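This report concerns only the one structure given below.
In what follows, every chain begins at residue 1, and chains take the letters A, B, ... in the order their sequences are listed. All figures in this text were calculated on a predicted structure; none of them were measured in a lab.
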Amino acid sequence: SDEALTHDEL
Amino acid sequence: NIFRILADLSHLASIVILLETIRKARQIDGISLKTQILYVLVFCTRYLDLLTFRWTSLYNTLMKFFFIGTSVYVVKLMQDCKLTNPVSYKDMMFRDTFQIKYLLGPCALLALVFNYKFTVLELCWSFSIWLESVAILPQLFMLSRSGKASTLTTHYIFALGLYRALYIPNWIWRYYSENRLEKLSIFTGLLQTALYSDFFYIYYRKVMKGRGFELP
């Protein structure tokens with residue numbers, strides 16, 4: 001789900 | 001992927017253009033201090049994860065420091081203008097009249113409603129993503145009120161707009177290659193690009209064809 005997303009973009 | 005790299009390079013280019021514009025011309029005509037302050041806020045709230053030391057890559061970390069550092073530096077350069085070129089500073093303040101409370105309030109609310117997790121870090125991240133999407137508005141407002149801008153200023157705005165526009169094919173790429181769908185970034189990225197669309201059109205019609213930037 002969305003919660004698992006890491007913020008690997010700038 | 002190629003879109004992501006081009007986007008980040010475009011973002012870097014926009015900042016270099018802006019710094020060179022201010023340093024060389026020693027004036028800040030047509031540049032919105034409010035937009036620049038909003039970017040400081042955007043980067044400081046987005047990159048709070050630097051403090052957790054859960055770094056994704058060296059590239060990511062270096063870029064984050066670069067964006068925070070240069071955004072603060074730009075604001076400092078603009079503030080210095082108060083002493084070195086008071087005429088230019090006063091003129092800028094006179095035109096930079098957009099009320100940013102109308103951006104900060106709604107962005108804070110949107111962050112409370114749309115976020116991935118109700119934690120300080122995630123709320124700040126969401127706030128920054130919403131705020132970035134509208135941070136250019138004081139700048140565009142200033143531009144539309146004065147009706148024209150120096151070519152360098154328009155190159156700056158173009159490169160800055162291009163960066164988020166290039167993130168869109170990057171997200172499509174990532175959806176197909178990694179099955180990654182980051183809804184908040186995508187929605188705010190589309191919003192941000194839409195806000196630039198009018199500017200892109202005029203930039204294409206005028207500046208790319210060698211004419212100065214002047215609003216119809």
- Heavy-atom proximity to chain A below 4.5 Å, by part of Phe66(B): neither
Using a 3.5 Å cut-off and no angle test, enumerate the donor-acceptor pairs between side-chain atoms of residues 189-199 of chain B and protein atoms at least two apart in sequence or in another chain.
residue	atom	partner	partner atom	Å
Gln192(B)	NE2	Glu132(B)	OE2	3.4
Thr193(B)	OG1	Gly189(B)	O	2.8
Ser197(B)	OG	Ala194(B)	O	2.6

- Query: Highest number of heavy-atom pairs under 4.5 Å with chain A: which of Trp55(B), Tyr163(B), Trp171(B)?
  - Reply: Trp171(B)
- Message: Using a 4.5 Å heavy-atom cutoff, which residues in residues 102-113 of chain B come close to chain A?
- Response: none
- Message: Within residues 11-42 of chain B, which residues come under 4.5 Å of chain A, heavy atom to heavy atom?
- Response: none
- Query: Arg54(B) versus chain A, heavy atoms under 4.5 Å apart: side chain, backbone, both or neither?
  - Reply: neither
- Regarding Glu9(A) and Asn60(B), is there a side-chain donor-to-acceptor distance under 3.5 Å anywhere? no
- chain A contact via Asn170(B) - which portion, at a heavy-atom distance below 4.5 Å: side chain
- For Asp8(A), what residues pass the salt bridge (charged side-chain N to carboxylate O under 4.0 Å, His left out) criterion, not counting sequence neighbours? Arg174(B), Arg180(B)
- What are the two closest heavy atoms between Leu10(A) and Tyr47(B), and how far apart are they? C-OH, 3.3 Å
- Message: Would the distance check show the side chain of Tyr116(B) and the main-chain N or O of Thr6(A) forming a donor-acceptor pair, the cut-off being under 3.5 Å?
- Response: no
- Determine whether His7(A) and Arg46(B) make a side-chain contact, defined as any pair of heavy atoms from C-beta on separated by less than 4.5 Å. no
